[in-house]
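In what follows, residues are counted from 1 in the order of the sequence shown. Fair warning: this is a prediction, and the values are worked out from it, not measured in the lab.
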Amino acid sequence: MNPAARSLGDHLREWRQRRRMSQLDLALEADISQRHLSFIESGRATPSREMLLHLAERLDVPLRDRNPLLLAAGFAPVFAERKLDDPALEPARRAIDMVLKGHEPFPAIAIDRHWTLIAANAAITPLLEAVVDRSLLEPPLNVLRLSLHPQGLAPQIANLPEWRAHLLDRLRQQISVSGDPVLEKLLKELLSYPAPESTGETHADHAGIVVPLTLSTKAGLLSLISTTTVFGTPVDITLSELAVESFFPADPETAAILRSLALN
């Protein structure tokens, strides 16, 4: 169904159900009466733009999906979507570049909502030397595809069963939150790749705290843990969907190897 042709009530109900919230749950969260919310969903009441944005905030609706809500209620969209090379996003792009560069000699990447690589620092390059299918490195480079493809990084990942399960769980959670059909298609593709049998081993001492990425390289075995950084209070759709994945050494040996690679 064309999203623009759907009623406001349809949009709200879908997001409420996706968040597993009853009308009473959302009404309490938004500090309005359940009756008023019921009238909005049924079309018997039309909310103000401020009320609609308030409900969207309580439902944690992504910025990309708030514009259709506004349009369905007869309001103009308020969230812009700019390209990364737009002059208005130049400060944000500089901030990303600073974070990536400042994280060296440890790897870091910037990705969009579909896990497409936006930027990477110099520490990433040595980790990709053993990738067999070099077409996986061509733009648009999808980080999940590269990681789990049998001719990508998968053969190098010593704890592939564990890391694969971690990435697929993250992707499923993202789909649950967003309902993005592109991500659903990506999940289907990744599930079609050969799945290694789990040995029950974790390959690291960090089980129960974080899931490490254990990567075999010519320089030695790397054990990495990752963090995700996003922009706070974004009002631009593109900016709201960007994330920086920073990898940190999980042991002194990994730190020493990464520092040595940076010197070569």
- line: Minimal heavy-atom distance between Ala255 and Pro249, with the atoms involved, is N-CB, 3.5 Å
query: Within the distance-only criterion (no hydrogens, no angle test), does the side chain of Ser176 pair as donor or acceptor with the backbone N or O of Arg172 below 3.5 angstrom?
result: no
message: Using a strict threshold of under 4.0 Å (side-chain N to carboxylate O), is an ion pair present between Glu189 and Lys185?
response: no
task: Tell me whether Ile237 is reachable from Leu84 by hopping between hydrophobic residues (I, L, V, M, F, W, Y) whose side-chain heavy atoms are closer than 4.5 Å.
output: no
Residues Arg94, Glu90: salt bridge by 4.0 Å N-O rule: yes
message: Using only atom types and a distance under 3.5 Å, with no angle test, would you say the side chain of Asn121 pairs donor to acceptor with the backbone of Ala108?
response: yes
Identified side-chain contact (heavy atoms from CB on, under 4.5 Å) counterpart of Trp163 within the set Val211, Thr214, Leu215, Leu153: Val211
query: Within a radius of less than 6.0 Å around CZ of Arg170, do more than 12 heavy atoms belonging to other residues, nucleotides or ligands occur?
result: yes
query: Take atom CZ in Arg20; do more than 12 heavy atoms of anything else shown fall under 6.0 Å from it?
result: no
query: Does the side chain of Pro212 come within less than 4.5 Å of Asn159's, by heavy atoms?
result: yes
query: Taking C-beta and beyond as the side chain, do Arg49 and Leu70 meet within less than 4.5 Å on heavy atoms?
result: yes
- prompt: When you measure from the side chain of Thr254 to the backbone N and O of Ser223, does any donor-acceptor pair fall under 3.5 Å?
  reply: yes
Side chain proximity check, Ile109 to Trp115, heavy atoms < 4.5 angstrom: no
- request: Work out which heavy atom in Ala72 is nearest to a heavy atom in Ser7; give both atom names and the distance.
  value: CB-C, 4.1 Å
Verdict with reasoning, Ile118 to Arg93, per side chain to side chain contact (heavy atoms under 4.5 Å, CB included): CA-CA 10 Å; Ile118 301 300; Arg93 185 59 196 249; 4.2 Å; yes
message: Are Leu141 and Val244 connected into the same hydrophobic cluster when the rule is that any two of I, L, V, M, F, W, Y join if their side-chain heavy atoms are below 4.5 Å apart?
response: no
- request: Kindly work out whether a path of hydrophobic side-chain contacts (I/L/V/M/F/W/Y, heavy atoms less than 4.5 Å apart) joins Tyr193 to Leu167.
  value: yes
query: Okay, side chain of Glu81, backbone of Thr238: is any donor-acceptor separation there less than 3.5 Å?
result: no
Minimum side-chain heavy-atom gap Pro105-Leu263 below 4.5 Å: no
- line: Result for side-chain contact (heavy atoms from CB on, under 4.5 Å) between Glu245 and one of Thr228, Thr229, Val143 points to Thr228
message: Quick check for you: to the nearest 0.5 Å, what is the distance between Ser42 atom OG and Leu12 atom CG?
response: 11.0 Å
statement: Heavy-atom closest pair (Thr116 atom, Pro140 atom, distance to 0.1 Å) is CG2-CB, 3.9 Å
- request: With rounding to the nearest 0.5 Å, note down the distance linking CG in Leu222 to CZ in Phe106.
  value: 11.0 Å
task: Consider only side-chain N and O atoms of His54 and Asp31, and report whether a donor and an acceptor are under 3.5 Å apart.
output: no
Distance-minimising heavy-atom pair for Val131 and Gln151: CG1-O, 3.7 Å
- request: Using the salt bridge (charged side-chain N to carboxylate O under 4.0 Å, His left out) rule, take Glu138 and Arg134 through it: C-alpha gap first, then chi angles, then the decisive distance, then the call.
  value: CA-CA 7 Å; Glu138 297 176 0; Arg134 306 307 288 183; over 6 Å; no
task: For the residue pair Pro62 and Trp15, establish whether any side-chain heavy-atom pair is separated by less than 4.5 Å.
output: yes
- prompt: For Val78, does its backbone N or O pair with a side-chain atom of Asn67 as donor and acceptor, under 3.5 Å?
  reply: yes
- request: Say whether, by atom type as modelled, one donor and one acceptor occur between the side chain of Glu104 and the main chain of Ala122 under 3.5 angstrom.
  value: yes
task: Using modelled atom types only, decide if a donor and an acceptor are shared between the side chain of Arg13 and the backbone of Glu41 within a distance under 3.5 Å.
output: yes
- request: Please work out whether the ring planes of His103 and Phe248 are parallel, tilted or perpendicular, with thresholds of 30° and 60°.
  value: perpendicular
task: Could you check if a side-chain atom of Met51 sits within less than 4.5 angstrom of a side-chain atom of Ile32, using non-hydrogen atoms only?
output: yes
query: Atom CZ in Arg82, atom CG in Asp236: separation rounded to 0.5 Å?
result: 5.0 Å
query: Any idea which heavy atoms bring Gln174 and Arg113 closest together, and the distance?
result: NE2-O, 2.7 Å
- request: Show your working on side chain to side chain contact (heavy atoms under 4.5 Å, CB included) between Asp25 and Arg19 and close with a plain yes or no.
  value: CA-CA 10 Å; Asp25 292 333; Arg19 298 296 181 259; over 6 Å; no
query: About how many Å separate NE2 of His114 and CD of Glu241, when rounded to the nearest 0.5 Å?
result: 7.5 Å
field: Hydrophobic cluster identity match, Met21 and Leu53, side-chain contacts under 4.5 Å
entry: yes
- prompt: Mind checking whether Ile96 and Leu89 sit in one hydrophobic cluster, side chains of I, L, V, M, F, W, Y counted as touching below 4.5 Å?
  reply: yes
message: A quick test of your reading: do over 12 heavy atoms of other residues, nucleotides or ligands sit less than 6.0 Å from CZ of Arg35?
response: no
statement: So CD1 of Ile157 and CG of Leu148: to nearest 0.5 Å the spacing works out to 6.5 Å
- line: Nearest heavy-atom approach of Leu52 to Ala73 is CD2-CB, 3.7 Å
- request: Look up atom CG in Leu69 and atom CG in Asp10, then write down how far apart they are to the nearest 0.5 Å.
  value: 11.0 Å
